[in-house]
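Below is one structure, written out as structure tokens; comments come after it.
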Amino acid sequence: MAATDRPVRVRIAPSPTGDPHVGTAYVALFNHAFARQQGGKFILRIEDTDQSRARADSEQMIFDALRWVGLDWDEGPDVGGPFGPYRQSERRAIYAEHVAILLQRGAAYRCFCTAERLTEVRAAQQAAKASVLGYDRHCRGLDAADSDRRAAAGEAHVIRLAAPLKGRVVVHDRLRGEVPFEVTQIDDQVLLKSDGMPTYHLANVVDDHLMEISHVIRAEEWISSTPKHVLLYQGFGWDPPEFIHLPLLRNADKSKISKRKNPVSINYYRDAGILPQALLNFLALMGWSFGGDREKFTLAEMIEAFGWDKVSLGGPVFNLDKLVWLNEKYLHELSHEEVVDALLAWRLSRAHLVEVVRLVRERIKRLDEFVPATEYFFSGDLDYAAVIAEMVVPDVEPVRVGRALLELVERLEAREGWDHAMLEEEARAWCQELGWKTKHAFMLLRLAVTGRKASPPLFDTMAVLGKEVSRRRLRAAAELVAART
RNA sequence: GGCCCCAUAGUCUAGCGGUUAGGACGUCGGCCUCUCACGCCGAAAACAAGGGUUCAAGUCCCUUUGGGGUCACCA
């Protein structure tokens, strides 16, 4: 059966390595819209094959964030389904089984090269300015019996794809037509790592086939690894799904959207007071057009009007101004009661108020002081004009101070969670390495995070403000400080 | 650097051989008005360049330029 005749089953396959990414919501939206329009299924699969990068809290945040924007799925780790398990770490036996098939068919081989050797090979290629970088196929010619013997003896190895040595692979992309690749450009990609976990390439092909995925709708960054996937489908003797590569969301400078240049976590937009329907509508506008001059529409309306012919391929720049404009439209059409509900669900929740009260109650003498004393807990970006002069560290160049702030943000991003203990530990270590006095460094942070010289204890304040708002303010302050002459 | 993708205003886009190149965000000006915001009206602002094909190219083809992605035991 041709891929296009199959029942529509699509999926998103996020990796639980950090905060829920807007790119995930973007790709999920298109998958979801297509599936719903076609009466198909939308599946959520967790690609957690890299245990070193997986974060414990990330998976749940992905579920929560997608549900918050209003996307739901038919099958997934949390809702089950007939094609489970939906978490790749729970499918190891399946991959092992399939790797054996590939080995048997001669479409893959064992590689015993050490990490050191691979590094050397790569370094040599780079030094020689080789046009094609990649594995030198050192182990490809290994005698089969020899390979079996070494593996049986327990020697560490990976399994690699045996890419054809000549010819071309053509990828069919729904939006671009035929995209040809010379096979000489394709590396003998690792399929199974030495720890027994599959790489993305193997897992994604095996799972997509077993889960009967009809259309692979993903971001454009995957297009150049698609020929490897096509080769794998061929190696297994399977029909590939239809590939649809969406354009990449961009920063203002047109580079792939990144956390250094743009708020990239869905939670940021939630905390910044963006309504989920506005975010979803905005994401739809990134690369897709409704038809006519229509720009504001619901998910249901998008599903009805959806079509691949209305997708444009230029990488859309993620433009906050337009998102806020759309948000304003949605906000203004809510009833007063609904706005109150939105506020209560946002930062005026009882739970959040209790947290804020815990921090400021000793600092106020009358109830009427609460609002002015806590304003920065309820606002987004701050105005530093009044305190910029104070954002200094004695005897340190402003540029250096700015850079240090950025370093702290990076350090905090590398850590899991966001609580007092973690923040203090990281900030103290940071401060010590810089050789700064905590008095100066922490005042700098306080000013960045609250815009004031007086506040409740810094780390408690940051914890209550939350990861997204805190980081955003630290970055903003860093830029401002660095720009001082 | 090799390979691949992309190309209409600052930004998001409509256009699918014949249009005064349309809409939106943003910007600027005006109206409304007790202020502000909303709303309304208006303005500036684009087919990257060069070759073809064609009676006719923003639309088709090629080249150049520019931008992006990718070249991991990460996804």
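Letters A, B, ... mirror the listed sequences (proteins, then strands); counts begin at 1. These numbers come from a predicted model, not from an experiment. Below, each value reflects all heavy atoms present in this structure, side chains not excepted, and no hydrogens, waters or symmetry copies.
Within 4.0 Å of A:Pro14, counting heavy atoms only, lies no atom of the nucleic acid at all. Backbone-only engagement by A:Arg250 is indicated by non-hydrogen atom pairs under 4.0 Å involving sugar-phosphate atoms exclusively. At a threshold of 4.0 angstrom between heavy atoms, the contacts of A:Ser194 include nucleobase atoms, whether or not backbone atoms are also involved. Within the nucleic acid shown, A:Gly292 has no heavy atom closer than 4.0 Å to any nucleic acid atom. Contacts of A:Lys228 with the nucleic acid, taken as non-hydrogen atoms under 4.0 Å apart, are absent. Heavy atoms of A:Gly134 sit nowhere under 4.0 angstrom from any nucleic acid atom. Residue A:Met286 is in sugar-phosphate contact alone, with no base atom involved, counting any heavy-atom pair closer than 4.0 Å across all strands shown. Within the nucleic acid shown, A:Trp288 has no heavy atom closer than 4.0 Å to any nucleic acid atom. Residue A:Arg160 is in sugar-phosphate contact alone, with no base atom involved, counting any heavy-atom pair closer than 4.0 Å across all strands shown. Backbone-only contact: A:Val179 has heavy atoms under 4.0 Å from sugar-phosphate atoms and none from a base. Among the protein residues, A:Glu328 comes within range of the sugar-phosphate backbone only, with heavy atoms under 4.0 Å from sugar or phosphate atoms but none that close to a base.
With both ends at atom C1', the span from B:A7 to B:U64 equals 13 Å, rounded to whole Å. Separation of the C1' atoms belonging to B:G22 and B:A46 is 12 Å when rounded to the nearest angstrom. For B:U27 and B:A45, the C1' atoms lie 10 Å apart once the distance is rounded to whole Å. Between B:C47 and B:C3, the two P atoms lie 31 Å apart (nearest whole Å). Across B:C60 and B:A14, the matching P atoms stand 13 Å from one another, rounded to whole Å. The separation of B:C38 from B:G30, taken at their P atoms, amounts to 16 Å, rounded to a whole angstrom. Distance noted for atom C1' between B:U11 and B:A44: 16 Å (whole Å). When the P atom is used for both B:A57 and B:U19, the distance is 11 Å, rounded to whole Å.
More than 12 heavy atoms of other residues, nucleotides or ligands shown are found within 6.0 angstrom of CD on A:Glu328.
Listed nucleotides: B:A72, B:C38, B:A75. Nearest to the side chain of A:Arg122: B:A72. Checking B:G69, B:C4, B:A75 against the side-chain heavy atoms of A:Asp50 singles out B:A75 as nearest. Comparing atom distances between the A:Arg176 side chain and each of B:C5, B:C12, B:G39 picks out B:C5 as nearest. The side chain of A:Asp321 has B:C25 as its nearest neighbour among B:C25, B:C71, B:A75. Counting only heavy atoms from C-beta on, A:Glu221 has its side chain closest to B:U70 among B:C3, B:U70, B:C73. With B:C4, B:U11, B:C74 as the candidates, the nucleotide lying closest to the side chain of A:Val317 is B:U11. Here the nucleotide nearest the side chain of A:Asp293, chosen from B:G69, B:A75, B:G23, is B:G23. Closest to the side chain of A:Glu47, out of B:A75, B:C25, B:C73, is B:A75. Considering only the side chain of A:Ser312, B:A14 comes nearest among B:C5, B:A14, B:C38. Closest to the side chain of A:Leu313, from the set B:G39, B:C6, B:C4, is B:C6.
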Applying ring pair (Phe, Tyr, Trp, His ring centres under 6.0 Å), run through A:Tyr269 and A:Phe318 and close with a yes or a no.
-> CA-CA 13 Å; A:Tyr269 295 94; A:Phe318 196 95; 5.6 Å; yes

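For A:Arg53 against B:C74, a side-chain N or O and a base N or O form a donor-acceptor pair under 3.5 Å. No hydrogens or angles were tested; on distance alone, nothing pairs the side chain of A:Gln126 with the base of B:G1 as donor and acceptor under 3.5 Å.
Remark: B:A57 base-pairs with no nucleotide in the shown strands. Criterion, Watson-Crick or G-U wobble with two distances under 3.5 Å. Pairing partner, B:C16: none, since no Watson-Crick or wobble contact has both distances short of 3.5 Å. Within the shown strands, B:G30 is the pairing partner of B:C40 under the Watson-Crick or G-U definition, both distances less than 3.5 Å. The nucleotide B:C47 finds no pairing partner, because no Watson-Crick or G-U wobble arrangement with both distances shorter than 3.5 Å includes it. Across all strands shown, B:U35 has no partner, as no Watson-Crick or G-U wobble contact with both distances under 3.5 Å is found. For B:U65, the paired nucleotide is B:A7, the pair qualifying as Watson-Crick or G-U wobble because both relevant distances are below 3.5 Å.
Close to B:A75, at under 4.0 Å from its OP1 or OP2, lies a side-chain N or O of A:Thr49. Between A:Lys254 and B:G69, a side-chain N or O to OP1/OP2 separation shorter than 4.0 Å is absent.
Between the side chains of A:Ser58 and A:Arg53, no donor-acceptor pair is found at a separation under 3.5 Å.
Cation-pi geometry between A:Arg9 and A:Phe83 is met: the NZ or CZ atom falls under 6.0 Å from the ring centre, inside 45° of the normal. Cation-pi geometry between A:Arg174 and A:Phe243 is not met: the NZ or CZ atom fails to fall both under 6.0 Å from the ring centre and inside 45° of the normal.
Residues A:Asn319 and A:Trp325 each lie close to RNA chain B; by heavy-atom proximity, the contact nearer the 5' end of the strand is made by A:Asn319.
A salt bridge between A:Asp19 and A:Arg471 is present, with a side-chain N of the basic residue lying under 4.0 Å from a carboxylate O of the acidic one. Between A:Glu90 and A:Arg92 there is no salt bridge, since no side-chain N of the basic residue sits under 4.0 Å from a carboxylate O of the acidic one.
The separation between A:Asp309 atom CG and B:A14 atom C1' is 13 Å, rounded to whole Å.
Looking at A:Leu326 and A:Lys296, their side chains come closer than 4.5 Å, going by heavy atoms from C-beta outward.
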